[in-house]
Peer 1: 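Here it is, the structure in full.
All values reported here derive from a predicted model rather than from experimental measurement.
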Number of protein chains: 2
Amino acid sequence: MSARGSSVTIKDVARRAGVSVASVSRALNGHESVTPETRQRILGIARELRYMPHGAARSLITRRTQTIGAVLPDLYGEFFSELIRGMDLAARRGGLHLLVSSSHGSADETAHALRALQGRVDGLLVMSPHADAGLLADNLPALVPTMLMNTRVDGDYASLNVDNYAGAYAMVGHLVARGFRRIALVAGPAQNFDAEERRRGYEQALRDLLPDAVPFVVDGDFTEAAGDRAARAIRESAPDVDAIFAANDAMAVGCLFALNELGLRVPRDVALVGFDDIPMARYTTPPLTTVRVRIADLGERAMARLIARIEQPDHADAGAEVLACELVVRQSCASDGTG
Amino acid sequence: MSARGSSVTIKDVARRAGVSVASVSRALNGHESVTPETRQRILGIARELRYMPHGAARSLITRRTQTIGAVLPDLYGEFFSELIRGMDLAARRGGLHLLVSSSHGSADETAHALRALQGRVDGLLVMSPHADAGLLADNLPALVPTMLMNTRVDGDYASLNVDNYAGAYAMVGHLVARGFRRIALVAGPAQNFDAEERRRGYEQALRDLLPDAVPFVVDGDFTEAAGDRAARAIRESAPDVDAIFAANDAMAVGCLFALNELGLRVPRDVALVGFDDIPMARYTTPPLTTVRVRIADLGERAMARLIARIEQPDHADAGAEVLACELVVRQSCASDGTG
DNA sequence: CTGAAAGCGCTTACAG
DNA sequence: CTGAAAGCGCTTACAG
């Protein structure tokens with residue numbers, strides 16, 4: 001309770017309790033070998049003094065920080081919000097703290113974050129859709145359990161990937177089945193693994209299902225503003241497009257906005273679909289048909305697997321897990337406006 | 001490069017360089033008192049060995065963790081996404097890590113988080129709109145610099161608050177000026193400081209500007225689903241309402257969805273406004289009139305002030321800062337559908 | 001059941 | 001400019 005300076009340490013508690021610091025440590029950590037009376041006295045004094053063990057000191061000796069580091073490409077928008085929420089849920093369940101770090105889409109910053117987190121975390125969750133294998137090999141701390149998410153993997157890392165290819169393929173299949181014939185894709189950022197896989201699914205589905213159709217891809221970067229621009233560009237250059245497939249929901253929201261401004265009705269004049277199923281997707285007008293990723297589950301699952309790896313290094317499953325996506329059909333792509 | 005076991009420490013670098021650990025420490029930390037040649041040799045070997053200082057050990061002696069803890073009420077939605085993004089920006093600029101923690105709206109969890117973060121962080125950013133002063137007094141670590149955000153403050157904490165009252169008041173003023181006379185409020189969660197202040201602004205403005213009007217408040221909880229329900233309830237019980245003021249944008253999005261489903265046009269049949277100006281607000285149809293909070297700036301500013309307090313404890317400005325809001329008029333509340 | 005002591009990996013006066 | 005040594009606050013064999 002002193003006004004300034006050092007906070008109360010285990011020594012203070014020991015002194016007040018008339019025992020050794022070893023006993024205080026044992027009592028606080030729930031070791032059996034302390035008499036109930038001693039334990040009670042120690043706990044009482046610790047509470048009274050508002051004693052909190054010093055995290056760094058404990059980490060130094062236990063080699064555990066009780067912290068997981070998450071290196072994400074960005075922190076903007078509902079996708080990352082949901083992802084972090086899922087990670088937080090699982091971390092909290094495991095009694096762990098969550099350190100977040102954004103690389104702003106830059107490989108250099110990813111490398112920096114990876115190195116800076118070394119020694120501060122018990123495990124690493126890395127989503128780095130723009131990273132190449134070399135970057136990871138060079139900067140992933142060898143001794144820190146790591147889970148890769150939505151990242152191009154070549155080594156035998158433990159990983160969790162969304163089945164972007166299958167999701168995009170299925171979406172195109174759905175559009176074709178509904179009678180759409182001129183389907184444009186608003187792509188995600190270049191070099192981005194998710195974006196590339198979604199594009200690959202779109203292109204392959206087109207080849208398989210509409211052999212005569214020419215793929216029509218407009219650049220985007222996963223932001224609402226990009227969707228806005230893309231929709232206008234599509235209407236300008238190819239008014240015959242009857243369905244727009246935005247590579248993520250944020251861009252679909254931007255497309256929807258632009259189409260409305262252009263006086264076009266979705267889905268009557270043009271169908272619109274997205275990818276991710278962010279919470280907002282069901283609240284647009286019309287509600288958005290999209291590919292559900294279960295973003296929070298993704299974060300939760302990745303965190304849970306990482307924790308398991310940390311706690312049971314022997315059972316270490318270094319497998320590459322792929323999360324299936326699910327088509328969610330809402331009103332934004334009713335066939336020819338009849339739905 | 002050994003395959004297993006302990007990572008490389010300062011001792012390994014010292015041995016390889018043929019110097020003492022003190023010199024390695026000095027070289028790595030950029031102290032003047034090392035000859036350029038020695039420094040170069042040490043740095044070279046450190047790089048070669050991929051040496052990274054052990055964070056916990058360094059923290060133990062320097063009493064700095066290079067980490068800021070953010071205790072937030074929730075992690076759901078664009079508001080917190082933007083807030084975290086702003087915090088991350090300022091933290092990164094200061095070379096600090098960001099530890100996030102959600103209290104899920106519970107006072108107990110807030111208390112727990114506050115205590116658990118002790119000794120792990122150099123400073124604390126606490127947004128706890130549901131907390132009372134007692135909880136903070138009981139659980140805020142006395143020696144850790146802290147900034148409160150959007151929190152009911154009584155003590156002399158350093159704080160940053162959004163001017164919710166003035167923002168809500170101004171919004172009602174705008175609606176009244178536009179000719180709306182029956183204005184319903186979809187409120188935020190009970191006990192929530194932001195929600196209460198916004199409601200207070202609404203009620204006072206009504207008393208001042210429309211003395212004959214009876215306040216009409218519908219319960220909400222800041223989620224889209226609550227907005228959806230509230231709008232339906234309003235239409236059901238009071239079809240004469242000509243403007244709906246949702247206490248945040250997420251609820252406004254839910255209202256917009258419900259109104260559309262009910263076959264009502266915004267703003268022709270009923271005006272709709274929100275609060276926060278989340279990124280999505282400009283992409284709804286019609287774009288949402290709202291109160292701009294500059295959420296990312298809020299997080300950035302809070303972090304910057306906190307860092308300043310940590311670095312210059314003497315200049316410690318413990319002031320209560322209030323961030324002004326700004327009315328953003330878009331098309332969702334054109335007067336009587338003429339705009 | 002309990003305590004004295006070593007040690008985790010650093011940094012920093014203190015000497016030289 | 002450089003090194004030996006102390007010490008940060010804990011935990012954990014090792015004795016007793």
Side-chain angles (χ1 to χ4, degrees), chain A residues 2 5-43 45-46 49-67 116 118-122 141 143-144, chain B residues 2 5-43 45-46 49-67 116 118-122 141 143-144:
Chain A
S2 69
S6 61
S7 54
V8 20
T9 75
I10 196 171
K11 274 189 188 166
D12 301 311
V13 180
R15 194 176 311 124
R16 276 278 294 265
V19 297
S20 70
V21 295
S23 289
V24 176
S25 174
R26 292 193 189 100
L28 260 28
N29 290 314
H31 289 211
E32 282 307 316
S33 59
V34 187
T35 55
E37 304 84 67
T38 314
R39 177 189 309 284
Q40 286 316 316
R41 186 155 41 87
I42 291 173
L43 292 183
I45 288 171
L49 259 37
R50 291 231 218 153
Y51 169 70
M52 283 296 293
H54 191 281
R58 179 176 265 176
S59 291
L60 188 55
I61 189 89
T62 61
R63 326 255 58 180
R64 286 287 300 266
T65 61
Q66 309 292 1
T67 302
Q118 177 134 230
R120 307 184 163 279
V121 299
D122 295 338
L143 288 62
V144 180
Chain B
S2 70
S6 61
S7 53
V8 20
T9 75
I10 196 171
K11 272 187 188 168
D12 301 311
V13 180
R15 193 175 313 124
R16 278 280 292 267
V19 298
S20 70
V21 295
S23 289
V24 176
S25 174
R26 292 193 189 101
L28 259 28
N29 291 314
H31 289 211
E32 282 307 316
S33 58
V34 186
T35 55
E37 304 84 68
T38 314
R39 177 190 309 284
Q40 286 317 316
R41 186 156 40 87
I42 292 173
L43 292 183
I45 288 171
L49 259 35
R50 290 233 219 150
Y51 168 70
M52 283 295 293
H54 191 282
R58 179 177 264 174
S59 292
L60 188 55
I61 189 88
T62 61
R63 324 256 59 178
R64 287 287 300 266
T65 61
Q66 310 291 3
T67 302
Q118 177 135 229
R120 306 185 164 280
V121 298
D122 295 337
L143 288 62
V144 180

Peer 1: Return the CG to OG1 distance between B:Asp122 and B:Thr62, rounded to the nearest 0.5 Å.
Peer 2: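 Taking CG in B:Asp122 and OG1 in B:Thr62, the distance rounds to 8.0 Å.
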Peer 1: Return the nearest nucleotide to the side chain of B:Thr35; candidates are D:dC10, D:dC1, C:dC8.
Peer 2: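 When the side chain of B:Thr35 is considered, D:dC1 is the closest of D:dC10, D:dC1, C:dC8.
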Peer 1: Do you know the tightest heavy-atom contact between B:Ser59 and A:Ala56?
Peer 2: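 Of all heavy-atom pairs spanning B:Ser59 and A:Ala56, the closest is CB-CB, 3.7 Å.
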Peer 1: What are the two closest non-hydrogen atoms of A:Ala57 and B:Leu60, and how far apart are they?
Peer 2: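 It is CB-CD1, 3.6 Å.
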Peer 1: Tell me the interatomic distance from B:His54, atom NE2, to C:dC10, atom P, rounded to whole angstroms.
Peer 2: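 These atoms are roughly 7 Å apart.
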Peer 1: So, OP1 or OP2 of D:dT11: does either fall under 4.0 Å of a side-chain N or O from A:Arg63?
Peer 2: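 The answer is no; no side-chain N or O of A:Arg63 sits under 4.0 Å from OP1 or OP2.
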Peer 1: Looking only at the side chain of A:Leu60 (C-beta and beyond, no hydrogens), which of the listed nucleotides D:dC8, C:dT12, C:dC8 gets closest?
Peer 2: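 Nearest to the side-chain atoms of A:Leu60, counting from C-beta on, is C:dC8.
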Peer 1: Could you tell me the separation between the NE2 atom of B:His31 and the P atom of D:dC1, rounded to a whole number of Å?
Peer 2: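 That distance rounds to 13 Å.
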Peer 1: Atom pairs under 3.5 Å, N or O on each side, protein against nucleotides 3-7 of chain C: can you list them with distances?
Peer 2:
unit_1	atom_1	unit_2	atom_2	d
C:dG3	OP2	A:Ser20	N	3.1
C:dG3	OP2	A:Ser20	OG	3.1
C:dG3	OP2	A:Ser23	OG	2.9
C:dG3	N7	A:Arg26	NH1	3.3
C:dG3	O6	A:Arg26	NH2	2.4

Peer 1: Determine which pairs satisfy salt bridge (Lys or Arg N to Asp or Glu O under 4.0 Å) with at least one residue from residues 10-19 of chain B, sequence neighbours left out, and list them in order.
Peer 2: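 Checked against salt bridge (Lys or Arg N to Asp or Glu O under 4.0 Å) - neighbours excluded - the pairs reaching residues 10-19 of chain B are B:Asp12-B:Arg15, B:Arg16-B:Glu48.
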Peer 1: Have a look at A:Ser33 and say if it touches a base, only the backbone sugar-phosphate, or nothing, with a 4.0 Å heavy-atom cut-off.
Peer 2: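 Base contact.
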Peer 1: Should B:Arg39 be listed as having a side-chain N or O under 4.0 Å from OP1 or OP2 of D:dC1?
Peer 2: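 No, outside the criterion.
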Peer 1: Given 3.5 Å as the limit, does a donor-acceptor pair link the side chain of A:Thr65 with the main chain of A:Arg120, or not?
Peer 2: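 Present.
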Peer 1: Which nucleotide in the set D:dT11, C:dC8, D:dC10 lies at the smallest distance from any side-chain heavy atom of A:Asn29?
Peer 2: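 That would be D:dT11.
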Peer 1: Measuring from B:Arg39:CZ to B:Ser33:OG, what's the distance to the nearest 0.5 Å?
Peer 2: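 Output value for this atom pair is 8.0 Å.
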Peer 1: Looking at every strand, decide which applies to B:Ser59 at a 4.0 Å heavy-atom threshold: base, sugar-phosphate, or nothing.
Peer 2: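 B:Ser59: no heavy atom of the nucleic acid under 4.0 Å.
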Peer 1: Nearest 0.5 Å please: distance from the CZ atom of A:Arg58 over to the CG atom of A:Asn29.
Peer 2: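 Here the rounded value is 5.0 Å.
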Peer 1: Check B:Leu28 against B:Ile42 and note the closest heavy-atom contact, atom names and distance.
Peer 2: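 Here B:Leu28 and B:Ile42 meet closest at CD1-CG2, 4.2 Å.
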Peer 1: Could you check how far CD1 of B:Ile10 sits from P of C:dC10, rounded to whole Å?
Peer 2: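 The distance from CD1 of B:Ile10 to P of C:dC10 comes to 5 Å, rounded to the nearest Å.
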Peer 1: Output the rounded distance in Å from CZ (B:Arg58) to C1' (C:dC8).
Peer 2: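 Result: 16 Å.
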Peer 1: Report yes if the side chains of A:Thr9 and A:His54 come closer than 4.5 Å at any heavy-atom pair, otherwise no.
Peer 2: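 A:Thr9 does not reach A:His54 side chain to side chain.
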Peer 1: From CZ of A:Arg64 over to C1' of D:dT12, roughly how many Å is that when rounded to an integer?
Peer 2: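 Spelled out: CZ on A:Arg64 to C1' on D:dT12 is 17 Å.
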Peer 1: Name the stems that DNA chain C belongs to, where each is three or more consecutive Watson-Crick or G-U pairs with both distances under 3.5 Å?
Peer 2: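 As far as DNA chain C goes, consecutive pairing (with distances under 3.5 Å) yields the stems C:1-3 with D:14-16, C:5-12 with D:5-12, C:14-16 with D:1-3.
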Peer 1: Let me know the distance between CD of A:Gln66 and C1' of D:dC10, rounded to the nearest Å.
Peer 2: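 Atom CD in A:Gln66 sits about 14 Å away from atom C1' in D:dC10.
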Peer 1: Quick one: A:Glu32 CD to C:dC1 P, roughly how many Å, whole number?
Peer 2: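 It is 8 Å, rounded to the nearest whole Å.
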Peer 1: Out of C:dT2, C:dC10, D:dC10, which has the shortest distance to the side chain of A:Ala57?
Peer 2: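 Closest nucleotide to the A:Ala57 side chain: D:dC10.
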Peer 1: Between atom CZ of B:Arg41 and atom OG of B:Ser23, what is the distance when rounded to the nearest 0.5 Å?
Peer 2: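 Taking CZ in B:Arg41 and OG in B:Ser23, the distance rounds to 9.5 Å.
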